[in-house]
Amino acid sequence: MNNQASEKEKIRVRFAPSPTGYIHVGNARTALFNWLFARQNNGIFVLRVEDTDLERSREEYERNLIQDLRWLGLDWDEGPDIGGPYGPYRQSERLELYHKYAHQLLQEGKAYYCFCSQEELEREREAALAEGRMPVYSGKCRNIPLKDAEKRRSCGEPAAIRLKVPEEGIVAFYDLVRGHVEFDLKIIGDPIIVRSNGMPAYNYAVVIDDALMHITHVIRGEDHVSNTPRQILLYQAFGWPTPIFAHLSMVMGKDNTRLSKRHGATSVDQFRREGILAEALCNYLSFLGWSPPEGQEVLTLQQLVKLFDLNRVSRSAAIFDYEKLHWLNRQHIKKLSPEEKLNLALPYLEEAGLVSSPATEEQKTWLKKAVEILLEGVDKFSELPKKFELLFDFNPENLDQEAKEIIASSSARLVIKTFYQKIANLSEFNYETFARITGEIKKETGIKGRDLYHPLRVVLTARGSGLELDKFIPLLEEGARLQFPRRIIGCLERVKMMVSFLNL
RNA sequence: GCCCCUGUCGUCUAGCCCGGCCUAGGACAUCGCCCUUUCAAGGCGGCAACACGGGUUCGAAUCCCGUCGGGGGCGCCA
């Protein structure tokens, strides 16, 4: 389909995070949308690291970033780790480029040196704010001849570089998600493109990078819309074509403020640790501002690639709903094979000290069944160890409230007592035995249904709720024959412990 | 304060561009029922929204204006 000729028009998008910590789900969504757009259009997805803020960037953060993105299943065609035709892909390694183009702008008279001190600018800004105006740079240094400016600089006077912006007119652009957007130049002022410490300012570096990397579509957060006119002005100053913009709405917390730690987990890494599947997270993230045409809900990455449509992205902010994420996660967990479930579950069980590190094959066979059964209704893998307590914890002295209520009745006690008498001399127990005995009890006492099974559940689990007993008993009996760091107590022993505790 | 964006069930959203098919659809959550050896899962059903006010029109969730609410931006941060 794609011949040589169309190669030139190939769609190129980028995800350009600054490595300042773990990746936030809001940024992950931006990455995802970029990736989906690239993949469905057979385009190129580039990863670029914006590390020009020396104070905040750290090398290890870049590794985290890459790890998180990989985990999510988003791969890139060009990036700091794999290189590419338009590298380097780390802004800190592109400094010469920024200087070169700034110099060009200076020579052409499209930019100028600004000697204003930060204190001075701060004062002006505050004054403007106080008067209810947009703080716009006064243009004080605008007309200093380049020669004079260079002289001052060579004497050691620090200077930033500003872009000369026309004083009148409007900058407009068509945003793929928001439509026509325009800004009045009066409120823009001459933006700094190179700081006095020589580092490029964000609005300048992005333009250089996006242009040089031939980015065709800039898909990013809504917090960048007001930067867009400044960037467009830069493209115009260079005579470069502007990319197409698409600004995604913000991701909010329940109280309608930007999603933050206060609201719960916010980093991709955190969700991974909790045992949210990458595919479920992507699935959920894709629904933040987008919906498939036919209302499908549970989707794989591949399906998302097919269905995703930038034109269907909504413009209003979305609130992050943990409940729905969890529901989607459950749906994705269901689709996993028993082996996959076990492998995902193992680390959590090991960490909880339930399983010793390399589990034996025998243990694994059993664990696979246990995980399969206990995973039902679990939101995320981190909840699994607690579910396993049903098997590993048995303490008659520590009955929950529900259990206490169940065994309080005389009929419950009768059931328990009868049950105990019938198993007292058994050396083996299995579900068939259980079924036979409960049948007998039913016949002898007339007790049936909940009144019959509930008390027995309490006897066997010390809990008022748990698994269906036909699943529980075989699982427990089999597990009790295996060696685990914490021993699993079998049914017969449990009954004896409970009866002696209850003094029946 | 100024600039930009935005406003459909509690939440994510469909519908809006190309007015009537909308007594506004779906999903999560919630409630109820069924199933069942509790819970869960599953099945079925219920509650629940066009922010407000003006226009335009035979007719508006859909078009226009205003109000109000929410968000973002206003850096030598990214």
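Numbers restart at 1 for each chain; the letters A, B, ... are given by sequence-line order, proteins then strands.
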Check nucleotides 32-37 of chain B against the protein and report each pair of N or O atoms closer than 3.5 Å, with its distance, or say if there are none.
| unit_1 | atom_1 | unit_2 | atom_2 | d |
| --- | --- | --- | --- | --- |
| U37(B) | O4 | Tyr431(A) | OH | 2.2 |

Can you pull every protein N or O that's under 3.5 Å from an N or O on nucleotides 66-70 of chain B?
| unit_1 | atom_1 | unit_2 | atom_2 | d |
| --- | --- | --- | --- | --- |
| G70(B) | O2' | Asn256(A) | OD1 | 3.2 |

Atom pairs, N/O to N/O, protein against nucleotides 42-48 of chain B, distance under 3.5 Å?
| unit_1 | atom_1 | unit_2 | atom_2 | d |
| --- | --- | --- | --- | --- |
| G42(B) | OP1 | Lys334(A) | NZ | 3.2 |

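In this structure, Tyr202(A) reaches the bases: a heavy-atom distance under 4.0 Å links it to at least one base atom across the strands shown. Within the 4.0 angstrom heavy-atom criterion, only backbone atoms of the sugar-phosphate kind lie near Glu182(A); the bases stay farther away. Here Asp175(A) lies out of heavy-atom contact (under 4.0 Å) with every strand. Glu323(A) comes within 4.0 angstrom of sugar-phosphate atoms only, judged by non-hydrogen atoms across all strands, and of no base.
Each salt bridge (Lys or Arg N to Asp or Glu O under 4.0 Å) pair with one or both residues in residues 14-30 of chain A, not counting sequence neighbours, appears once here: Arg14(A)-Asp210(A). Applying the ring-ring contact (aromatic ring centres under 6.0 Å, His included) test to residues at least two apart or on different chains, the pairs with a partner in residues 152-194 of chain A are Phe173(A)-Phe245(A).
By the side chain to side chain donor-acceptor pair (under 3.5 Å) test, Trp76(A) is found to be paired with Asp81(A), residues two or more places apart in sequence or in another chain being considered. Every residue two or more places apart in sequence or in another chain was checked for a side chain to side chain donor-acceptor pair (under 3.5 Å) with Thr445(A), and none qualifies. For Ser337(A), the side-chain contact (heavy atoms from CB on, under 4.5 Å) partners two or more places apart in sequence, or in a different chain, are Glu339(A), Glu340(A). In this view, Asn311(A) and Asp309(A) satisfy the side-chain contact (heavy atoms from CB on, under 4.5 Å) rule, not counting sequence neighbours. Taking Arg330(A) as the reference, Trp327(A), Asp379(A) meet the side-chain contact (heavy atoms from CB on, under 4.5 Å) condition, with sequence neighbours excluded.
A78(B) has His224(A) stacked on its base ring, the centres lying under 5.5 angstrom apart and the planes within 30 degrees of parallel.
Stacking of Arg152(A) on the aromatic ring of Tyr113(A) is not recorded, the 6.0 Å distance cut-off and the 45° axial limit not both being met.
Below the 3.5 angstrom threshold, one finds a donor paired with an acceptor across the side chain of Ser196(A) and the base of C76(B).
Aromatic pair Tyr284(A)/Phe287(A): ring centres not closer than 6.0 Å.
For C74(B), the OP1/OP2 oxygens have no side-chain nitrogen or oxygen of Arg230(A) closer than 4.0 Å. For Arg258(A), a side-chain nitrogen or oxygen approaches OP1 or OP2 of G73(B) to under 4.0 Å.
In this structure C28(B) sits in a base pair with G10(B), meeting the Watson-Crick or G-U test at under 3.5 Å.
For RNA chain B, none of the residues of residues 403-419 of chain A falls under the heavy-atom distance limit of 4.0 Å.
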### Contact letters for nucleotides 12-19 of chain B, in which S counts primed atoms plus P, OP1 and OP2 and B counts the base, heavy atoms under 4.0 Å
BSSS----

